[in-house]
Protein chains: 2
Amino acid sequence: MPRQAAAGTRTQRQRREETERRLLDAAAALVAAGGSRAVTLQEVGRLAGYSRGIVNHMFGTKDALLAALVTEAQQRVGPPQASSPGLGRLRQRVARYIDQISAGDEHARAFLLLWAESVGAAPQLRAMFAERDDLFAREIREDLSAGIADGGIRPGIDAEGVTLALIAVLRGASLHIIIRDAAPDSTARVREAVLACLQRSLEP
Amino acid sequence: MPRQAAAGTRTQRQRREETERRLLDAAAALVAAGGSRAVTLQEVGRLAGYSRGIVNHMFGTKDALLAALVTEAQQRVGPPQASSPGLGRLRQRVARYIDQISAGDEHARAFLLLWAESVGAAPQLRAMFAERDDLFAREIREDLSAGIADGGIRPGIDAEGVTLALIAVLRGASLHIIIRDAAPDSTARVREAVLACLQRSLEP
DNA sequence: TATTACTTGCTGGCTATCACGCAAGTTTCT
DNA sequence: AGAAACTTGCGTGATAGCCAGCAAGTAATA
């Protein structure tokens, strides 16, 4: 058991954790601002308040840093807000997704941008995105199924198709918001349009 | 007026035009396969069947090549299929957009990937994408307006919001198709889901 | 508690790699 | 022959990652 460090100092564990967090934050900010191309060891180190050697020391390689960034962004999503699955929770998901991007969350933006760039990325990263994709789709299908069961959603829908389309619209809208640096009122409009479209598509 | 070249040879104009086309095709293929990061002067030259200096000779800089690629992709979209604006033409647009990506059109894929990467890109490129964006949105709104006028679309919709959402879903779905290398039957399903969603959202 | 041995965090000089683009030279058309 | 298309050699700049060493924290000993 590590002894408590003296006042004004940090334990090795504290140092490491703080460094890791600052590096991930810096990397997220750089990706959000300029894509993965803007992530250089030099810049990450500088923005995090360290030297340019820090990334290699902490993560080994730049790719490992990006992988850690993706992993962290996934875990940040957090538990569902509404307790019970169904149309209500689905609507919450949609609003939350767009609002998070619109609010300027750099980790969420970085995740999305890295996903959009992942065509030429390392297989490891692509696999992580695929996994996240499938999990997201499963969650949405769960809401759809519950909605059909409780009567909030009409039974005739193609759940698989709706799921894919819904994920697509969220990503497309979010990328648009990031790329065009859309104003909050504009993003609110998109959010409402998506919700309205969802409503009419799913209502019995 | 250029004289007819001898058999087996080409006029200078033919040489230049063929070279330009081969370079654009090569660049599109590279972007489609691995994003703009995969586009190096060496690779473009090799894939097009020239030396590594050919891009600088033809376009001056690499950025100019990418700009030309974007310009060309815009012009490739071509005239609308259905003559009269309205819901029918809108549905055609949607189907055509997704089918083009799904069919593996490298220029269309390259355009979309470059758009998705354009966060950190040169202002010139970003402006081109913004312009294309606005034009696309205008075309869709034209269809919506016509549809409302002829009664095919109910008047209560938020045309601006629907337009943005529609563009978003097309881009998100296309990126998904490219990134996950989706099978044709899967893309057909997404296409039908989007069309169905559109139908229910817009029908009177 | 004070000293000493050890571990871990962190730095920055160094090298190898890679890509862009210029400029001079070569081939192909007119 | 002259012009244009195209190639090749070269310089420059950016970046990733290795590694030797310094500094900060931790554990052992007296």
Side-chain angles (χ1 to χ4, degrees), chain A residues 1-24 26-27 30-31 34-69 117 120-122 124-125, chain B residues 1-24 26-27 30-31 34-69 117 120-122 124-125:
Chain A
M1 176 121 181
R3 207 167 29 181
Q4 180 72 30
T9 65
R10 299 164 296 166
T11 65
Q12 295 286 56
R13 187 193 185 98
Q14 283 173 327
R15 290 179 80 186
R16 171 163 276 272
E17 283 174 353
E18 179 180 338
T19 302
E20 182 171 333
R21 193 166 45 74
R22 285 164 70 177
L23 286 178
L24 289 174
L30 288 170
V31 172
S36 69
R37 199 178 170 73
V39 179
T40 66
L41 301 186
Q42 176 105 32
E43 267 305 290
V44 175
R46 194 191 59 75
L47 193 59
Y50 297 88
S51 73
R52 64 187 170 68
I54 188 63
V55 170
N56 283 317
H57 173 66
M58 287 291 292
F59 293 95
T61 68
K62 178 183 163 180
D63 280 352
L65 168 66
L66 292 181
L69 186 60
E117 285 184 21
Q124 181 202 5
L125 260 191
Chain B
M1 177 114 182
R3 206 169 27 179
Q4 180 71 30
T9 67
R10 300 163 296 167
T11 66
Q12 295 287 56
R13 187 195 184 98
Q14 283 173 326
R15 287 179 83 187
R16 174 163 274 271
E17 283 174 351
E18 179 180 337
T19 302
E20 181 172 335
R21 193 167 44 75
R22 285 165 69 178
L23 286 178
L24 289 174
L30 288 170
V31 172
S36 69
R37 200 178 169 75
V39 179
T40 66
L41 301 185
Q42 177 103 29
E43 267 305 289
V44 175
R46 194 191 59 75
L47 192 59
Y50 297 87
S51 72
R52 63 188 168 71
I54 189 63
V55 170
N56 285 315
H57 173 65
M58 288 292 293
F59 294 95
T61 67
K62 177 184 166 180
D63 280 352
L65 168 66
L66 292 180
L69 186 60
E117 285 184 20
Q124 181 200 5
L125 261 191

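Every chain is numbered from 1 and lettered A, B, ... according to where its sequence line falls, protein lines coming before strand lines. Source: prediction; values computed, not measured. Below, each value reflects all heavy atoms present in this structure, side chains not excepted, and no hydrogens, waters or symmetry copies.
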For Q124(A), does the CD atom have more than 12 heavy-atom neighbours from other residues, nucleotides or ligands under 6.0 Å away?
no
Whole-Å distance, R13(A) CZ to dT26(D) P, equals 11 Å
Should T19(B) be listed as having a side-chain N or O under 4.0 Å from OP1 or OP2 of dC6(D)?
yes
To the nearest angstrom, how far is E18(A) atom CD from dC10(C) atom C1'?
13 Å
So which heavy atom on V39(A) is nearest to which on K62(A), and how close?
O-NZ, 2.8 Å
Measure from CD on Q14(B) to C1' on dC29(C) and round the result to the nearest Å.
11 Å
Take the protein atom CZ of R16(A) and the nucleotide atom P of dG9(C), then report the distance between them rounded to whole Å.
4 Å
Do R21(B) and E17(B) meet the salt-bridge criterion of a basic N to acidic O distance under 4.0 Å?
no
Distance-only check: which donor-acceptor pairs under 3.5 Å involve side-chain atoms of residues 43-51 of chain A, not counting sequence neighbours?
| from | atom 1 | to | atom 2 | distance (Å) |
| --- | --- | --- | --- | --- |
| E43(A) | OE1 | R46(A) | NH2 | 3.0 |
| E43(A) | OE2 | R46(A) | NE | 3.0 |
| Y50(A) | OH | T19(A) | OG1 | 3.0 |
| Y50(A) | OH | R22(A) | NH1 | 3.4 |
| S51(A) | OG | G53(A) | N | 3.3 |

Supply the atom-to-atom distance L24(B) CG to L66(B) CG, rounded to the nearest 0.5 angstrom.
10.0 Å
Can you tell me the distance, in whole Å, between the OH atom of Y50(A) and the C1' atom of dA23(D)?
14 Å
Quick note, S51(B) side chain, CB onward, closest among dT26(D), dT8(D), dT11(C) is dT8(D)
Take the protein atom CZ of R46(B) and the nucleotide atom P of dA19(C), then report the distance between them rounded to whole Å.
12 Å
Rounded interatomic separation in angstrom, taking CD from E20(B) and P from dA5(D)
11 Å
Tell me: NE2 of H57(A) to C1' of dG17(D), nearest whole Å?
14 Å
One character per nucleotide, please: for nucleotides 20-28 of chain C, 5' to 3', B when the base has a protein heavy atom closer than 4.0 Å, S when only the sugar-phosphate does, - otherwise.
SB------B
Flag side-chain contact, heavy atom, 4.5 Å: E117(A) against R37(B):
no
